Amino acid sequence: MIRSQLRWLKHLMLALITLILLAVGSEVALRIAEYRQQVSVSNYDTEGFLIPSDVTYHRIRPLQDVSRKHPDTEELVQIKINSMGLRGSEYTIPKPAGVFRILCLGGETVLAPEMEASDTFCVRLENLLQKQTQLKIEVINAGVPDACPLMSYLHLRHSLLGLQPDLILFNFDMSDVADDHALRRYTQIGDSGIPLCSMHPLYEKINAPERLESHFFVYRYTLRWVGDYWVENQPAGLDRDIDTPQGKYLWLEDHPPDWSVYVRQTLEPIQNIQQVAQGTYSRFILASYPKPWQVSETAMNGDQARSSLGVREGVRYASRFPFELLETYAKQLNLSYCDTSSTFQSIQNPDRYYLNSVPQFSREGHALYARELALFILKDIPGIWSDAVPDSSAQPAPQQALVPVR
């Protein structure tokens, strides 16, 4: 009997020792893998393009030249980032006399990493407006990946006001609702309800004490694995939640879920941007544009391009609710609103204005969006545009000078 118990105890001890050695070995292996990863790539993203921020969650790393592959053609696209982390050349501070500056805020559509600089709507808008005035026009590309009104407001408040913009143009993307929801959990709100900062978790770890178990890589990777497994194998319906990639555009559907709280939170920082503009004597315009599946059943028809975003294949989302909501909100704030959706939805062959693999504009799409913005700005901001360029009485009026995109 005693010998049997000792044998059982021996097996138990061997099993425990094996588990301990396995855990220690796994911990060592994970730490080596983590070290190699930190040495070989950026601590934040795989290309080092973005870096963490203690005020805007993340930002573009300043002073870099980046090569990106075009998602459709795989051709290399060169991106130049200046000392402020903005795409393009350096800008003089303080702003010189005789310069009219337009600051474009927004996400990937503004940054347009898949386009050469000359093909982006920011550069095209600058060229179109320059033909209509004797002032020097500067359109500044302040796009940041995953930006939303909240991140753009913080970016403006903490670093962009020194550019002294005459016009602030915020480009509302239909992914902003999900991006705002993801960012808001890291945002500090002041007593007056105004956002103060969004601190990336890497900064929080510097100041916040960690629990003992969080120092063990086995524990952390186990939690991560469980979380990934849950996302990939969750019950039907939960994969279309706002927190998942497949649920990012749910509110655009003809019969969307009730995201009224999320939408309201997303729109609130637009008023904060407006207040900053008023305090700096800048004009402010809110602009919006449709996603591919809001204009055509076949736009963005790359292999699984739609399904990866939770968008149904061969379907056009005809709901006008998102654009009407923005229009109503703009009217409440007495804010200029440029809605380009009708143009994109009524133009011939709309598919060619979007890329096939990602929900972004093609070269033609950037050209059309720039034209629509230019026409709106010429009407909304009077006083600095010429009716006709000097020594050309036969030249067309400003609006006619902008050749339509067919």
Side-chain angles (χ1 to χ4, degrees), residues 105-110 146-152 169-184 237-274 284-300 305-347 350-351 353-354 359-361 365 368-369 372-373 376:
L105 301 173
E108 286 88 346
T109 299
V110 179
D146 299 324
C148 55
L150 175 57
M151 183 182 291
S152 293
L169 175 63
F170 178 76
N171 301 271
F172 188 93
D173 187 271
M174 295 302 159
S175 64
D176 284 351
V177 176
D179 291 336
D180 176 273
H181 178 71
L183 181 66
R184 195 160 287 272
L238 293 183
D239 59 332
R240 292 170 59 76
D241 186 81
I242 190 174
D243 289 306
T244 65
Q246 293 76 20
K248 199 168 189 177
Y249 296 101
L250 280 178
W251 77 295
L252 304 183
E253 294 185 343
D254 295 339
H255 302 286
D258 182 13
W259 282 13
S260 54
V261 174
Y262 303 144
V263 173
R264 176 181 57 80
Q265 290 177 336
T266 302
L267 296 179
E268 286 175 352
I270 294 177
Q271 185 174 11
N272 299 135
I273 299 176
Q274 181 189 37
F284 179 37
I285 293 177
L286 172 66
S288 67
Y289 44 86
K291 284 300 183 182
W293 50 89
Q294 292 178 296
V295 302
S296 168
E297 297 85 351
T298 54
M300 202 186 81
R306 286 192 173 204
S307 59
S308 65
L309 299 174
V311 178
R312 288 172 288 168
E313 301 285 349
V315 174
R316 174 178 176 266
Y317 291 4
S319 173
R320 292 289 307 168
F321 169 73
F323 304 105
E324 293 172 352
L325 179 69
L326 289 171
E327 182 178 11
T328 300
Y329 188 72
K331 287 181 178 178
Q332 292 176 351
L333 298 181
N334 193 25
L335 179 64
S336 297
Y337 173 50
C338 177
D339 178 11
T340 65
S341 61
S342 297
T343 299
F344 278 92
Q345 291 171 339
S346 62
I347 203 163
D351 292 18
Y353 297 98
Y354 295 91
Q360 302 300 337
F361 289 141
L368 178 58
Y369 188 52
E372 293 300 298
L373 290 175
F376 187 89

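Being a predicted model, the structure only gives us computed values, none of them experimental.
- Side chain of Arg306 to backbone of Arg312: a donor-acceptor contact under 3.5 angstrom is found.
- Taking OH from Tyr317 and CD from Glu297, the interatomic distance works out to 12.0 Å, rounded to the nearest 0.5 Å.
- When side chains are defined from C-beta on, Thr343 counts as touching Leu368, because their heavy atoms get closer than 4.5 Å.
- Rounded to the nearest 0.5 angstrom, Leu150 CG and Gln265 CD are separated by 10.0 Å.
- Shortest non-hydrogen contact noted between Pro292 and Tyr354 is CG-CD2, 3.4 Å.
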Item to check | Val311/Glu253 under side chain to side chain contact (heavy atoms under 4.5 Å, CB included): CA gap, chis, key distance, verdict | outcome: CA-CA 9 Å; Val311 178; Glu253 294 185 343; over 6 Å; no

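- Identified under the salt bridge (Lys or Arg N to Asp or Glu O under 4.0 Å) test for residues 260-269, with sequence neighbours left out: Arg264-Glu268.
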Kindly determine whether Trp293 and Met300 satisfy side chain to side chain contact (heavy atoms under 4.5 Å, CB included), including the steps that lead there. CA-CA 7 Å; Trp293 50 89; Met300 202 186 81; 3.7 Å; yes

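- For Gln274, the side-chain contact (heavy atoms from CB on, under 4.5 Å) criterion is met by Gln271, Gln278, Phe284, Leu333, Leu335, not counting sequence neighbours.
- With rounding to the nearest 0.5 angstrom, the CG atom of Leu326 is 5.0 Å from the CZ atom of Phe172.
- Here Asp254 pairs with nothing under the side chain to side chain donor-acceptor pair (under 3.5 Å) rule; sequence neighbours left out.
- Residues meeting the side-chain contact (heavy atoms from CB on, under 4.5 Å) test with Ser296, sequence neighbours left out: Thr298, Ala299, Pro350, Asp351.
- With sequence neighbours excluded, no residue satisfies ring-ring contact (aromatic ring centres under 6.0 Å, His included) with Phe170.
- Thr340 places a side-chain N or O within 3.5 Å of a backbone atom of Ser288 that can act as its donor or acceptor partner.
- Interatomic distance, OG of Ser319 versus CD of Glu324, reported as 7.5 Å (0.5 Å rounding).
- Summarising the geometry of Gly106 relative to Ala147, their closest heavy-atom pair is O-CB, 3.3 Å, with the distance given to 0.1 Å.
- What you find for Thr266 and Arg184 is that their closest heavy atoms are N-NH2, 4.5 Å.
- Applying the ring-ring contact (aromatic ring centres under 6.0 Å, His included) criterion to Tyr337, with sequence neighbours excluded, gives no partner residue.
- Under the side chain to side chain donor-acceptor pair (under 3.5 Å) criterion, Gln360 pairs with Thr109, sequence neighbours left out.
- For Tyr353 and Tyr289, the ring centers sit 6.0 Å or farther from each other.
- With sequence neighbours excluded, no residue forms a salt bridge (charged side-chain N to carboxylate O under 4.0 Å, His left out) with Asp176.
- Checked against side-chain contact (heavy atoms from CB on, under 4.5 Å), Ala287 has the following partners two or more places apart in sequence or in another chain: Leu169, Asn171, Cys338, Tyr369, Leu373.
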Margin query: Go through it in stages, so that I can follow the logic: the residues are Ile270 and Leu286, the test is side chain to side chain contact (heavy atoms under 4.5 Å, CB included), and I'd like the CA-CA distance, side-chain angles, deciding distance and then a yes or no.
Written below: CA-CA 8 Å; Ile270 294 177; Leu286 172 66; 4.1 Å; yes

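- Here the OG-CD1 distance, from Ser342 to Ile347, works out to 12.0 Å after rounding to the nearest 0.5 Å.
- Using a distance-only test at 3.5 Å, with no hydrogens or angles considered, a donor-acceptor pair links the side chain of Glu108 to the main chain of Asp146.
- No close placement of the Tyr262 and Trp251 rings is indicated, their centers lying 6.0 Å or farther apart.
- Applying the salt bridge (charged side-chain N to carboxylate O under 4.0 Å, His left out) criterion to Asp179, with sequence neighbours excluded, gives Lys248.
- Considering only residues two or more places apart in sequence or on other chains, Ser341 meets the side-chain contact (heavy atoms from CB on, under 4.5 Å) condition with Pro290, Arg320, Phe323, Asp339, Gln345.
- With sequence neighbours left out, Glu313 forms a salt bridge (charged side-chain N to carboxylate O under 4.0 Å, His left out) with no residue at all.
- Here the side chains of Leu325 and Leu267 are in contact, with some heavy-atom distance below 4.5 Å.
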